[in-house]
*Asks:* 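Once you've had a glance at the structure underneath, I'll fire off some questions.
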Protein chains: 2
Amino acid sequence: MATGRTHRPATRSRGIPEATVARLPLYLRALTALSERSVPTVSSEELAAAAGVNSAKLRKDFSYLGSYGTRGVGYDVEYLVYQISRELGLTQDWPVVIVGIGNLGAALANYGGFASRGFRVAALIDADPAMAGKPVAGLPVRHTDELESIIRDNGVSIGVIATPAGAAQQVCDRLVAAGVTSILNFAPTVLSVPDGVDVRKVDLSIELQILAFHEQRKAGEESGPAAAAASRTGAPARTAPVAGSGKGPEGDVPAVMPA
Amino acid sequence: MATGRTHRPATRSRGIPEATVARLPLYLRALTALSERSVPTVSSEELAAAAGVNSAKLRKDFSYLGSYGTRGVGYDVEYLVYQISRELGLTQDWPVVIVGIGNLGAALANYGGFASRGFRVAALIDADPAMAGKPVAGLPVRHTDELESIIRDNGVSIGVIATPAGAAQQVCDRLVAAGVTSILNFAPTVLSVPDGVDVRKVDLSIELQILAFHEQRKAGEESGPAAAAASRTGAPARTAPVAGSGKGPEGDVPAVMPA
DNA sequence: CACTGTGAAACGCTTCACAGCA
DNA sequence: TGCTGTGAAGCGTTTCACAGTG
């Protein structure tokens with residue numbers, strides 16, 4: 001899960017719960033699809049199904065935005081598209097920079113959904129001088145030296161970090177110092193930022209590990225819940241290899257036993 | 001945030017809260033770094049800082065796994081690495097397939113953190129016949145026709161979907177039919193899957209939209225909370241362009257006014 | 001004495017269930 | 001009648017604060 005930190009810590013920012021904000025883009029996408037098919041109205045039930053949530057949640061979410069529906073009828077698709085777009089700040093264009101044009105950075109630069117909805121790639125930035133000037137997704141890659149001037153000249157407030165983990169904090173610091181206040185981090189590191197800067201992270205490895213956890217549970221449940229329980233009681237830890245054998249740089253197995 | 005659906009709907013799977021599971025990989029990463037620096041023990045305070053959470057949360061999280069710390073001392077790094085790895089199911093290797101070898105799929109295939117922790121790319125699959133056989137990240141791309149046999153032959157239970165949105169559901173259905181029970185979806189679509197299959201999604205566009213929301217709030221707060229509130233009262237909707245002008249396939253602005 | 005482990009309180013989110021309106 | 005909008009209940013998560021212990 002790519003969860004952000006540094007949200008409004010205490011109070012909700014003007015009444016809309018964070019969980020609701022996170023779902024608005026989902027609704028918007030579903031509504032846009034309906035709009036393209038010229039569907040005039042949707043019920044909460046239909047829209048909820050399209051967005052993959054339940055209808056009570058959807059209605060509650062929309063109630064935070066105001067009363068935009070019609071009882072007995074549903075929601076006006078076009079109107080709702082506009083209201084949600086406005087609420088999300090997508091009626092204006094957001095210039096973004098992508099820092100780190102490796103495989104991932106290039107993929108992001110080429111990602112269409114990027115430009116389609118209020119976001120514009122203002123620049124691609126990479127530390128490798130050999131990359132400088134090379135066109136990626138129609139834009140010339142700029143060198144890191146230009147980072148500050150690019151951000152200031154374009155009024156960029158959103159930065160995407162797609163560098164290796166080792167460079168991420170440093171890039172982050174420079175982005176923030178230059179005026180960026182929202183960061184989407186693809187590097188597998190915890191970024192520390194001053195108050196007022198939002199960070200959201202996307203981490204493939206974490207997502208896979210969460211899936212692995214559930215996958216393991218499924219396998220363990222084959223012999224009933226008892227089997228799954230037994231594999232967690234400490235005793236099976238005895239099957240652990242002896243410490244110090246070393247099958248790689250990754251942490252080995254401990255010699256310690258649980259209490 | 002890339003949040004999955006189809007978790008255990010009601011009861012927690014054997015006592016560990018979902019929120020805790022989602023943080024275990026974070027702790028594991030921090031612990032691995034400590035392990036590589038041969039640090040023998042950490043306090044909850046230190047580890048929490050490294051993982052970007054607060055220490056009370058971390059202690060509570062670890063308490064679900066068992067009592068693995070020593071009062072007055074802290075946690076044994078190696079031991080904890082092993083316990084968390086085991087809990088996450090990373091002591092075994094998980095073969096994964098990546099479907100859709102475009103920019104993103106290639107980036108994922110090349111992503112190192114992939115292999116480093118319990119995951120092994122069993123195959124890269126693409127629908128484009130021209131891609132077949134081409135090496136990406138050292139593996140030859142296989143054609144979609146082989147999807148079922150690849151999954152069965154390799155005992156793959158985790159699939160990564162990096163196809164265009166339009167192909168995602170179909171690919172998903174085939175993966176599930178062939179035996180995959182966990183899916184990481186990068187395509188901007190809601191996937192529907194049968195019970196027992198876990199889906200987690202990673203969606204760049206949604207993350208950016210959430211950032212834009214907060215970014216907008218920051219800008220609005222310059223003139224105090226009153227200004228931000230005013231911009232949500234419906235009256236400003238009058239500034240909306242007239243519907244029907246059409247600047248593209250994306251939904252335009254509605255002609256309807258709020259109640 | 002420092003730090004873990006954990007009840008209990010606080011909080012936010014989800015779900016229920018139905019009043020209210022078109 | 002059909003569907004929205006919403007109080008209120010229910011749940012899961014976070015935070016507090018301190019008892020327990022090596």
Side-chain angles (χ1 to χ4, degrees), chain A residues 1 3-24 26-27 40-49 51-77 79-80 83 210 234 256-259, chain B residues 1 3-24 26-27 40-49 51-77 79-80 83 234 256 258-259:
Chain A
M1 171 176 51
T3 315
R5 296 187 307 106
T6 321
H7 295 303
R8 297 285 169 281
T11 46
R12 252 163 17 203
S13 54
R14 200 60 212 176
I16 303 185
E18 192 57 34
T20 295
V21 171
R23 279 186 297 266
L24 291 181
L26 230 48
Y27 301 143
T41 59
V42 254
S43 67
S44 63
E45 203 70 53
E46 294 164 327
L47 184 53
V53 304
N54 74 52
S55 63
K57 197 185 285 184
L58 177 143
R59 287 200 304 277
K60 184 64 106 178
D61 283 343
F62 286 177
S63 79
Y64 293 115
L65 309 184
S67 289
Y68 292 158
T70 308
R71 293 168 202 244
V73 177
Y75 300 92
D76 182 287
V77 171
Y79 183 54
L80 208 43
Q83 288 301 340
I210 296 170
V256 194
M257 286 303 293
Chain B
M1 168 176 53
T3 315
R5 296 187 306 105
T6 320
H7 295 302
R8 296 285 169 283
T11 47
R12 251 162 21 202
S13 54
R14 199 61 212 176
I16 302 184
E18 192 57 34
T20 295
V21 172
R23 280 186 296 266
L24 291 181
L26 230 49
Y27 302 142
T41 60
V42 255
S43 67
S44 64
E45 203 70 54
E46 294 165 327
L47 184 53
V53 304
N54 74 52
S55 62
K57 198 185 283 183
L58 178 144
R59 288 199 302 279
K60 184 65 105 178
D61 284 342
F62 285 179
S63 79
Y64 292 116
L65 309 184
S67 289
Y68 293 158
T70 308
R71 292 169 201 243
V73 178
Y75 299 92
D76 182 288
V77 172
Y79 183 54
L80 207 43
Q83 289 300 340
V256 194

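Letters go in sequence order (proteins before strands), and every chain restarts at 1.
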*Asks:* Whole-Å distance between dC13(C) P and I16(A) CD1?
*Replies:*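 The distance from CD1 of I16(A) to P of dC13(C) comes to 12 Å, rounded to the nearest Å.
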*Asks:* Could you check whether G69(A) gets within reach of a base, just the sugar-phosphate, or nothing at all, counting any heavy atom under 4.0 Å?
*Replies:*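 The answer is sugar-phosphate, as G69(A) gets under 4.0 Å only of primed atoms, P, OP1 or OP2.
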*Asks:* Out of dC16(D), dT13(D), dT15(C), which nucleotide sits closest to the side chain of A56(A)?
*Replies:*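 Nucleotide nearest to A56(A)'s side chain: dT15(C).
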*Asks:* Which whole-number value in Å describes the distance from L58(B) CG to dT6(C) P?
*Replies:*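 My rounded result for the distance is 14 Å.
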*Asks:* Testing the basics here: between L47(B) and Y27(B), what is the closest heavy-atom pair and its distance to 0.1 Å?
*Replies:*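 So the two residues come closest at CD1-O, 4.4 Å.
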*Asks:* With a cut-off of less than 4.0 Å, is there a side-chain N or O of Y68(B) near OP1 or OP2 of dC3(C)?
*Replies:*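 For dC3(C), OP1/OP2 do not have a side-chain N/O of Y68(B) under 4.0 Å.
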*Asks:* By nearest nucleotide on DNA chain C, pick out whichever of G72(A) and T70(B) is the more 5' one.
*Replies:*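 Nearest nucleotide further toward 5': that of T70(B).
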*Asks:* Any N or O donor-acceptor pair under 3.5 Å from the base of dT21(D) to the side chain of R71(B)?
*Replies:*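 In this structure, the two groups form no donor-acceptor pair.
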*Asks:* Does a side-chain N or O of R23(A) approach OP1 or OP2 of dT14(C) to a distance below 4.0 Å, or not?
*Replies:*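 So the side chain of R23(A) is within the cut-off, an N or O lying under 4.0 Å from OP1 or OP2 of dT14(C).
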*Asks:* Return the value, rounded to whole Å, for the distance between atom CG of L47(B) and atom P of dA2(C).
*Replies:*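 Value for this atom pair: 20 Å.
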*Asks:* Roughly how many Å is it from CD in E46(A) to P in dC3(D), rounded to a whole number?
*Replies:*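 Interatomic distance, CD of E46(A) to P of dC3(D): 8 Å.
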*Asks:* So how far is it from F62(B) CZ to Y68(B) OH, rounded to the nearest 0.5 Å?
*Replies:*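 It is 11.0 Å, given to the nearest 0.5 Å.
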*Asks:* Have a look at Y75(B) and say if it touches a base, only the backbone sugar-phosphate, or nothing, with a 4.0 Å heavy-atom cut-off.
*Replies:*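 Sugar-phosphate, no base atom in range.
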*Asks:* NZ of K60(A) to CG of N54(A): how many Å apart, nearest 0.5 Å?
*Replies:*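 So the gap between those two atoms works out to 12.0 Å.
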*Asks:* Please report the distance, rounded to the nearest Å, between CG in N54(A) and C1' in dT4(D).
*Replies:*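 From N54(A) CG to dT4(D) C1': 15 Å.
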*Asks:* What integer distance in Å separates K60(B):NZ from dA9(C):P?
*Replies:*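 My rounded result for the distance is 13 Å.
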*Asks:* For I16(B) and L65(B), run side chain to side chain contact (heavy atoms under 4.5 Å, CB included): C-alpha distance rounded to whole Å, both residues' side-chain angles, the deciding distance at 0.1 Å, then the answer.
*Replies:* CA-CA 7 Å; I16(B) 302 184; L65(B) 309 184; 3.6 Å; yes
*Asks:* Roughly how many Å is it from CZ in R59(A) to C1' in dC18(C), rounded to a whole number?
*Replies:*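 It is 11 Å, rounded to the nearest whole Å.
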*Asks:* In whole Å, what is the span from the CG atom of D61(A) to the C1' atom of dT15(C)?
*Replies:*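 Result: 12 Å.
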*Asks:* Would you say S44(A) reaches dT4(D)'s phosphate, i.e. side-chain N/O to OP1/OP2 under 4.0 Å?
*Replies:*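 Affirmative; the distance criterion is met.
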*Asks:* For residues R23(B) and V53(B), report the shortest heavy-atom separation together with the two atoms involved.
*Replies:*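 It is CD-CG1, 3.9 Å.
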